[in-house]
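To start, the structure itself, in structure tokens.
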Amino acid sequence: MFDTRTLALVNGFSNFKLPCISISSCSTKPLKLIGSKSINDIAMNIFSELQRCSSLITLRKLHAKFIAHGLKDTGLSTKIVVLYVSFKRVDVARSVFECLSNPSSYLWNIMVKGYATQGLFGHSLGLYWEMMQKGLKPDKYTFPFALKSCAGLSDLNMGKLVHQHLVCCGCSHDVFVSAALVDMYSKCGYIEAARLVFDKMSVRDLVSWTSMISGYAHNGCNIETMAFFNLMRDSGTQSNRVSILSVLLACGNLGALRKGEWLHNYVIQTGFEFDILVVTAIMDMYTKCGSLDLARRLFDGTPGKDVVCWSAMIRSYGIHGQGKKSLDLFNGMLKAKVKPNHVTFTCILSACSHSGLLEEGKKCFESMVKDFGISPQLNNYACMVDLLSRLGQLSEAEKLIENMPLEPDASIWGSLLGACRIYGNLDLAERIADHIFALDPSHSGYHVLLSNIYAAKCRWKDVEKVRKVMVRRGANKVQGFSLIEFNNVVHKFGVGDRSHPQSHKINGLLEELAAPMKRLGYVPLTDFVLHDIEEEAKEEALLYHSEKLAIAFGIINTPPGTSIRVTKNLRICGDCHNAIKVISKIVNRVIIVRDMHRFHHFEDGLCSCGDYW
DNA sequence: TTAGGGTTAG
């Protein structure tokens, strides 16, 4: 049976008992007929006008009439509440609702829904609780919105509690409720529970499939997203824009260009090619797969571009290190009379940062408030800190953090720590590390960064100390891996990975390349090996980094002259950056590497980032 | 009366 067993699994209980909740029914109150015929006529007249009401102004007039004639607590109230909610005035709807002596379950549902759809999740759940306390039985119309609110708050505990309630109320087989459960668990990051609920569904409609696919995509389960998209199509369920958006996101994350091109074609066949959301997602996919040209071609051919579409294209140039083009596009956006938002400025400031455009970045940052009335948010400050610190203006960056009107988070200090590694500033690094670890003690990346800084100065005792602190704090180092698509399959390599069937050939090629690489001036950067081991062993450890393995796989399996595209989950390592430059020259290939922050296009011994990254 | 969605720093 689905109900209690799934719930027990989700909650990690071996035995699960249904909680007792008191439930009583409540019927919809009919329109109260008031003794005088004229009042009744007025009520009927208002009711028929409410039926036709299509604007907030008309509703306000009818509401005033309703109050003037003392018609409160009648069936008219229900209609007025519903209309206020539909006009997104849930606050006014609440005031009418509060005047009712015994609102129906239907109206409670409308209010729970009203708050949830307005993003007022706490209010929505507050009403949900109140409803339960009054002994009203939530039903299949209540639970999807109560669950949506739990998802909106990422409140897994509350979500589990609502799951228990809906099992008690006999709603666990409802297809809408189940889809909302899948969505709630995946938005709370508990994708395994989402899958358990999905697997137990006896009937799966389009929304249940898309909830699961979107859940996988937004939890970074890219392979599963693609697999589920195929399973959905195999089951005979027609895909829609939401499932297409999810699969495009996963495809971009994997850097799977061939699959992405197939999806673009699929979008054209299924008639979504003029949907601006889908177009933006395709552009983003092409960008992430390293094909800026295809993204731009699509952008140019799209009419009615909105702020999101423009911002996405601005970001595309930014992460490919073409900051000047981002700025040109920003001007084009203003000429097209599309108003930027704070995300647009995040994209443009980040683009300036990747290209080292200090003055341009400063101007944009100032014009946010001055010309557009947009107050900079944390992300915008983070970009400015990154821009300054990457250019070596560490004290100015520190000043900006100390004087910003918002509370800086660990990641803003983290940008400065990244620059301390580039400029070897150990004093500042040690000073700001305290801020960082106070704000985010278990972030593995900052520990690794600090450890890197010590390692570069051969402070091995401190490297060891940081490692011990990491273990104590449970900050596990994220394992690096690189992906490469070949023949519609994405191949994954970890550092020193020997599990691939072609491992022998791959390692052989890297060993073969070592001598010509050295002849072209490549010197292994052993600073990037974080262990106090012999230099020779360090060089060998560097040779089998995941990005080098993936590139060697690409060289072996693709025809001479074709580009090689690799995606890495962490930042590219400095030694690999040097190595790939010379490899691109030796094998005469364009090698495009996407790391967690940006793209590097290697060609003929050079990188598009100009070694500024 | 019921659901799922495109761009956001490092």
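So you know, we letter chains A, B, ... as the sequences are listed, proteins then strands, and number each from 1.
- As rounded to whole Å, 7 Å separates atom C1' of B:dA3 from atom CZ of A:F145.
- Applying the 4.0 Å criterion to OP1 and OP2 of B:dG10, one finds that A:R390 has a side-chain N or O inside that range.
- A salt bridge does not link A:R195 to A:E224: none of the charged side-chain nitrogens sits closer than 4.0 Å to a carboxylate oxygen.
- Separation of the A:F330 and A:F345 ring centroids falls under the 6.0 Å cut-off.
- Among B:dG6, B:dG4, B:dT2, the nucleotide with an atom closest to any side-chain atom of A:L277 is B:dG6.
- In this structure, A:H443 reaches neither bases nor backbone, as no heavy-atom distance under 4.0 Å exists between it and the strands shown.
- Counting distance only, with no hydrogens placed and no angle test, the side-chain atoms of A:T280 and the base atoms of B:dG6 include a donor-acceptor pair under 3.5 Å.
- Between A:W310 and A:F299, the gap from one ring centroid to the other is short of 6.0 Å.
- Residue-level contact check: A:K305 touches neither bases nor backbone, having no heavy atom under 4.0 Å from any strand.
- Considering only the side chain of A:H342, B:dT8 comes nearest among B:dG6, B:dG4, B:dT8.
- A:N222 and A:T225 form no side-chain donor-acceptor contact under 3.5 Å, judged by distance and modelled atom types alone.
- In terms of the side-chain hydrogen bond (donor to acceptor under 3.5 Å, both in side chains) criterion, A:S355 has no residue partners (sequence neighbours excluded).
- Within residues 204-213 of chain A, the residues that have a heavy atom under 4.0 Å from DNA chain B are, in order of number, A:D205, A:L206, A:V207, A:T210, A:S211.
- Distance CG (A:N379) to P (B:dT8): 10 Å, rounded to an integer number of Å.
- Residue contacts for A:Y446: at a heavy-atom cut-off of 4.0 Å it reaches a base atom on one of the strands shown.
- Dashed line: the shortest gap from a side-chain N or O of A:R315 to OP1 or OP2 of B:dA9 is under 4.0 Å.
- In this view, A:H443 and A:Y446 satisfy the ring-ring contact (aromatic ring centres under 6.0 Å, His included) rule, not counting sequence neighbours.
- Counting non-hydrogen atoms under 4.0 angstrom, A:D284 reaches the backbone sugars and phosphates but no base.
- Between the side chain of A:D275 and the base of B:dG6, no donor-acceptor pair of N or O atoms lies under 3.5 Å.
- Between A:F198 and A:W209, the ring centre distance stays below 6.0 Å.
- Among the heavy atoms of the strands lying under 4.0 Å from A:I276 is at least one base atom, whether or not backbone atoms are also near.
- Remark: A:H597 is not in phosphate contact with B:dT8, judged by side-chain N or O atoms under 4.0 Å from OP1 or OP2.
- The interatomic distance linking A:Y128 (OH) with B:dT2 (C1') rounds to 15 Å, in whole Å.
- Taking only side-chain nitrogens and oxygens, A:K148 comes nearer than 4.0 Å to OP1 or OP2 of B:dG4.
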